[in-house]
Amino acid sequence: MTDTAAGDTVDPEAEKQPRSVRVVLLALMITMMLAMLDNMIVGTAMPTIVGELGGLEHLSWVVTSYTLATAASTPLWGKLGDMYGRKGVFMSSIVLFLIGSALSGMAQDMGQLIGFRAVQGLGAGGLMVGVMAIIGDLIPPRERGKYQGMMAGVMALAMIGGPLVGGTITDHWGWRWAFYINLPLGVVALTAISVVLHLPKKRAQARIDYLGAGLLTVGITAIVLVTTWGGTEYAWTSARIMELIGIGVAALIGFVFWQTKAAEPVVPLHIFRSRNFTLMSIIGFITGFVMFGATLFLPLYQQSVQGASATNSGLLLLPMLGAMLVTSMIAGRVTTNTGRYKVFPVVGSVLMVVGLYLLSLMDTDTSRLTSGVYMAVVGLGMGCLMQITMLVAQNSVEMKDMGVASSSTTLFRTLGSSFGVAIMGALFNHRVQDVMTERAGALGSKVTEQSAQLDAASLAKLPAAAREAYQHAVSAGTHSAFLLGAAVAVVALVAAVFVKEVPLKGAEPQKTGEDSADGTGAPAPVIEAV
């Protein structure tokens, strides 16, 4: 061993690194919040936007264009980061997102807003993937659990604060600031990442797989449109939906076939040879399915049946999100200290099944305290699953595939949320219509013929008998939706049982002069202290 006097055993940069890691993580968390807050803030501002720009018939496309662009671009950003270097690609996605935000704020009609939201969505596809992949580069899996609480906290803050921030901004500054607010936050994140973060530069010799990217984009677009339009814009059995299903299936089959031939595939199929990666993709899909369904129907139930205020709708989810935050922090600490993680997917899936079943028991007499306890059980389950799925997925691949592993896991969760909202929503709407017809006859059917979801103002105008019938109908609808969620969550439990506990990589810090963790000899990621 080298003598301490020679100065080789104590690395001053290593002593500074924890502080600089925190600076980078702060910038990454700001970027993550940009990705999660946007739709929630914009959703609150939509009535004001329609009032000024008009185009009510195209309202849904403001959200759909953003969602489509995000889902379609997610795997591409991950692959580009693997090929050309994480930092530059990540910063490019932030810049594109900020350009889309600025243009959306300047939109003069609904057509422009829809187009600019698509630009914003293209950038957003790289935000979450970039955050996860860079964390995967910088922090060994064994140590990564420490930071789960931060990510869960950002998620909870976005879900609770999004509607409140959106309402406040719209009321006091105008709806355009719902988009402009992204600019100062994005500039802070860009500056910190540019100055502090230094990752090895890459230059791939292979060309981008344009055919694979095109097939994947068509397939994902068709899937998202089916889940968005099915049962709302078009009947599930309509020719348009059937066409989209056919196009989506054909494109995805073609994509899988082409990935076996491409020199540099967008999604290397060999990553699915890892049992853990495949299982985490399944669990991530189901977590997205359940979580976004729950966040859609719980506020609706509490507003319609329990008489809660719509203004503070984000606060209604506090029991679930608070439990998720606490459990995620505990799971991260235990994983870091012990290196063991299989217990969390198993316990998390069990809690999610039980919690969703309990939520399905809610009726018109359920108290807020009782529903809060039920939500907390679901939150405890989600806290065990949300970040562990990404951690295990990243631990299951080589460093060179970190980007596509992160983007694939994110994509499966995104697609799960699309399916969850669509399928649970269709079941909810169908049940509400049936119960309204049973309890209020022709009047009940007429009340909900446009939409099974009534706002507070519409609900207040209903006759007492119709209002009571609607409360029973919403209880029946949430019962069916959450019972379906519980059944789907059983699949996550089965997948969790088959997870193999592979030791987490990189438990020991890398010493100067050693080869990189992936054995390529590439320099390890560097963070400059500031």
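This structure is a prediction, so every number in the text was calculated from the model and none was measured. Along the sequence shown, the residues carry numbers beginning at 1.
Between F482 and Y357, the ring centre distance reaches or exceeds 6.0 Å. Taking the six-membered ring for Trp and the full ring otherwise, the centers of F116 and F179 sit at least 6.0 Å from each other.
Taking CG from N395 and CG from L391, the interatomic distance works out to 6.5 Å, rounded to the nearest 0.5 Å. Taken from OG in S396 to CE in M280, the straight-line distance is 7.5 Å, to the nearest 0.5 Å. Interatomic distance, F90 CZ to W77 CH2, rounded to the nearest 0.5 Å: 10.5 Å. The OG1 atom of T70 sits 11.0 Å away from atom CG of L411, with the distance rounded to the nearest 0.5 Å. For the atom pair CE (M382) and OG (S328), the distance works out to 12.5 Å, reported to the nearest 0.5 Å.
A donor-acceptor pair under 3.5 Å is absent between the side-chain atoms of S274 and the main chain of I271, judged by distance alone. Here the side chain of H479 pairs a donor or acceptor atom with the backbone of S360 at under 3.5 angstrom. In this structure, the side chain of N337 engages the main chain of R333 through a donor-acceptor pair within 3.5 Å. The closest donor-acceptor contact from the side chain of T327 to the backbone of M324 lies at 3.5 Å or more, if one exists at all. No side-chain donor-acceptor contact under 3.5 Å links S408 to the backbone of A405. Side-chain atoms of Q433 never come within 3.5 Å of backbone atoms of F428 as a donor-acceptor pair (strictly under, hydrogens ignored). With Y341 contributing its side chain and I388 its backbone, the two residues share no donor-acceptor pair below 3.5 Å. At least one donor-acceptor pair closer than 3.5 Å links the side chain of N429 to the backbone N or O of G425. K342 places no side-chain N or O within donor-acceptor distance of the main-chain N or O of V502, the cut-off being under 3.5 Å. Counting only distance, with no hydrogens or angles, the side chain of K500 and the backbone of N276 share no donor-acceptor pair below 3.5 Å.
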I193 and V24: CA distance, side-chain angles, deciding distance, side-chain contact (heavy atoms from CB on, under 4.5 Å) verdict = CA-CA 6 Å; I193 290 166; V24 172; 5.5 Å; no
task = For side-chain contact (heavy atoms from CB on, under 4.5 Å), just list the numbers for L359 and M362, CA-CA rounded to whole Å, side-chain angles, deciding distance to a tenth of an Å, and then say yes or no.
result = CA-CA 6 Å; L359 287 176; M362 295 189 303; 4.0 Å; yes
inquiry  = Show, in sequence, the C-alpha distance, side-chain angles and deciding distance for I241 and L225, and conclude whether the side-chain contact (heavy atoms from CB on, under 4.5 Å) test is met.
reply    = CA-CA 8 Å; I241 296 299; L225 286 178; over 6 Å; no
request  = Begin from the C-alpha positions of I139 and L25 and carry the test side-chain contact (heavy atoms from CB on, under 4.5 Å) through to its verdict.
outcome  = CA-CA 10 Å; I139 303 168; L25 284 174; 4.2 Å; yes
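By the 4.5 Å heavy-atom criterion applied to side chains, L358 and V373 are not counted as neighbours. Annotation: side chain of I223 is in contact with side chain of L252 (closest heavy-atom distance under 4.5 Å). A 4.5 Å side-chain heavy-atom check between F297 and V474 finds every atom pair outside the cut-off. Using a 4.5 Å heavy-atom threshold, the side chains of H472 and E438 count as separate. F289 is not listed as a side-chain neighbour of V421, based on a closest heavy-atom distance of 4.5 Å or more. By the 4.5 Å heavy-atom criterion applied to side chains, M352 and V290 are counted as neighbours. No side-chain heavy atom of M132 sits less than 4.5 Å from a side-chain heavy atom of M402.
For the side chain to side chain contact (heavy atoms under 4.5 Å, CB included) test, residues two or more places apart in sequence or in another chain that qualify with V350 are V354, L493. The salt bridge (charged side-chain N to carboxylate O under 4.0 Å, His left out) check on R340 picks up E501, with sequence neighbours excluded. Residues satisfying the side chain to side chain contact (heavy atoms under 4.5 Å, CB included) test with V491, not counting sequence neighbours, are I282, I286. R431 is linked by a side-chain hydrogen bond (donor to acceptor under 3.5 Å, both in side chains) to nothing, counting only residues two or more places apart in sequence or in another chain. Checked against side chain to side chain contact (heavy atoms under 4.5 Å, CB included), T370 has the following partners two or more places apart in sequence or in another chain: T366, S367, Y374.
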Only distances under 3.5 Å count here; give the side-chain donor-acceptor pairs of residues 119-131 to other protein atoms, sequence neighbours excluded, each with its distance to 0.1 Å.
| residue | atom | partner | partner atom | Å |
| --- | --- | --- | --- | --- |
| Q120 | OE1 | R117 | NH1 | 2.9 |
| Q120 | NE2 | D38 | OD1 | 2.9 |
| Q120 | NE2 | S101 | OG | 2.9 |

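Using a 30° and 60° split on the angle between ring planes, F412 and F272 fall in the perpendicular class, above 60°.
Atom CH2 of W236 sits in a crowded spot, with more than 12 heavy atoms from other residues, nucleotides or ligands closer than 6.0 Å. Taking a 6.0 Å sphere around CZ of F498, one finds it holds 12 or fewer heavy atoms contributed by other residues, nucleotides or ligands.
Counting only N and O atoms by type, the side chains of T389 and R413 include a donor and acceptor under 3.5 Å apart.
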